[in-house]
Amino acid sequence: MANTVLVTGGTGYIGGEVIDQLLLNGYSVHTTVRDRAKSEPRLRSRWPDAGDRLKVFQADLMSDAGWAEANAGCDAVAHVASPFPLDVPRHKDELVIPAREGTLRALRFATAAGVTRFVQTSSAAAIAYGHPEKDHFDHTDWTNLVVGVPPYIESKTVAERAARAWVEANAPELVFCSVNPVAVFGPVYDNDLSTSVELVKKVVDGSIPLAPNMGICVTDVRDVARAHVLAIEAPAEDVRGERFPTSQKFMWIREMADAVRERVPEFAAKVPTRPMPDWMVKFLALFMPEMRQIKGELGNVRDVSGRHTEEVLGFTFIPAEQTLEDTVRSLVEHGIVKV
Ligand code: NAP
């Protein structure tokens, strides 16, 4: 049983929720941030009673500094930090290199410090791309890095593959597994929004007045964090080498809009009711970063099953409609969108 867990990327949407659940479950938590002076006050204000049970370390994915100190005394690592930008970078290496090097660095320092369990936050990005003939996927599928796969997809695929190869070659005794979330929504803590939540914000604040012909799988940040905690707690033989996709269900944007309209009727007037023609998405992609991401997904079904995760880790995902309602209500509560 782990007592102290290192969560990398404590400033992030998922990292914060993992820390939250670990503290609630009685663990001590170490976390890495890139700028301690800036981030520690924010983390302390979120967990004012954590005291010594929360320790904040400065460490960048691209440098060795701080990693030994962050891992010292830890039993398990949840390696969550990885670049997840809204826009497509100029060069794929801006994402691929920190994702891969950062994961290998985190693994090296963890094993050197005697950590026995390592959960990598991978992604459905490492599962469901580069297979034009397929529209249903599960934990056994791997993204095929064909030409044209977006840099973020490549970064997550390369990082997960590199981690698995490194463990096999260098630390076969380490209990390693990955959590592979689809698009993550759910309650937010403050106005520093993850790229995924930006999408819901734009659907309800009127910035996307028509629904693009695009679908995504929905998962709740509370379930993603729960999967990390359960993967740390489960018997080693249940999780070693596993992949745990978290995905409640696939929804088209228009279905997400319908769910929000039904469950949060105050927003009915702002949420799109009519489809956005594909040509308009392509035109808007010239100057709207989020449309650039959507452009390549028009009409695609990528239905990633999370059933394996529910079965092995023994819990049931929050219904997607509830997740969307909670996302919107939380954006309102924090003054990020106005009715
Ligand atoms: P997020 O809120 O943007 O968090 C990303 C975290 O990574 C931040 O703490 C960030 O630190 C850290 N980070 C980025 N580059 C770094 C670097 N060079 N050195 C150290 N830390 C760095 O995003 P998120 O949604 O929580 O995503 C967390 C993880 O989940 C990522 O691995 C992402 O690929 C994965 N994921 C997310 C989703 C989703 O829909 N949200 C879906 C599947 C997988 P700073 O605060 O310093 O920038």
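One-based numbering, in listed order, for ligands and for the atoms of each.
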Per [atom], closest listed option by heavy atom ([options]):
atom: atom 7 (O) of ligand 1; options: A99, S82, S196; value: S82
atom: atom 13 (N) of ligand 1; options: R42, E17, R34; value: R34
atom: atom 44 (C) of ligand 1; options: A59, A125, A183, S122; value: S122
atom: atom 12 (C) of ligand 1; options: A106, A81, S123; value: A81

- Going from CZ on R302 to CD on E297, what distance comes out if it is rounded to the nearest 0.5 angstrom? 4.0 Å
- Can you measure from NZ (K55) to NE2 (H30) and round to the nearest 0.5 angstrom? 4.5 Å
Has [X] got any heavy atom lying under 4.0 angstrom from an atom of ligand 1?
X: G102; result: no
X: Y152; result: yes
X: K156; result: yes
X: V33; result: no

- Crowded around K92 NZ? As in, over 12 foreign heavy atoms under 6.0 Å? no
- Task: Decide if atom CD of E168 counts as having more than 12 heavy atoms of other residues, nucleotides or ligands within a radius under 6.0 Å.
- Result: no
Nearest-neighbour protein heavy atom for [atom], which is reported as residue plus atom name and distance:
atom: atom 43 (C) of ligand 1; result: P181 O, 3.2 Å
atom: atom 19 (N) of ligand 1; result: L61 N, 2.9 Å
atom: atom 24 (P) of ligand 1; result: S194 OG, 3.8 Å
atom: atom 37 (C) of ligand 1; result: I14 CD1, 3.6 Å
atom: atom 10 (C) of ligand 1; result: T11 OG1, 4.0 Å
atom: atom 2 (O) of ligand 1; result: Y13 N, 2.9 Å
atom: atom 18 (N) of ligand 1; result: D60 OD1, 3.3 Å

Does ligand 1 come near enough to [X] that some N or O of the ligand is less than 3.5 Å from an N or O of the residue?
X: V80; result: yes
X: G12; result: yes
X: V184; result: yes

- Query: Is R46 positioned over the aromatic face of Y189, cation under 6.0 angstrom from the ring centre and no more than 45 degrees off axis?
  - Reply: yes
May I ask you to test the [X]-[Y] pair for a side-chain heavy-atom distance under 4.5 Å?
X: K249; Y: E321; result: yes
X: R222; Y: I318; result: yes
X: E233; Y: Y27; result: yes
X: W252; Y: N213; result: yes

- Note on the structure: Smallest heavy-atom separation, T143 atom then A128 atom, equals OG1-N, 3.2 Å
- Message: Using every non-hydrogen atom in the two residues, find where V224 and P181 come nearest and quote the distance to one decimal.
- Response: CG1-CG, 3.8 Å
- For V182, take its heavy atoms, then give the atoms of ligand 1 lying under 4.0 Å from any of them. 40 (O), 42 (C), 43 (C)
- Which ligand 1 atoms does G9 reach within 4.0 Å, using its non-hydrogen atoms? 9 (O)
- Message: Classify the ring geometry of F137 against H131: parallel below 30°, tilted from 30° to 60°, perpendicular beyond 60°.
- Response: tilted
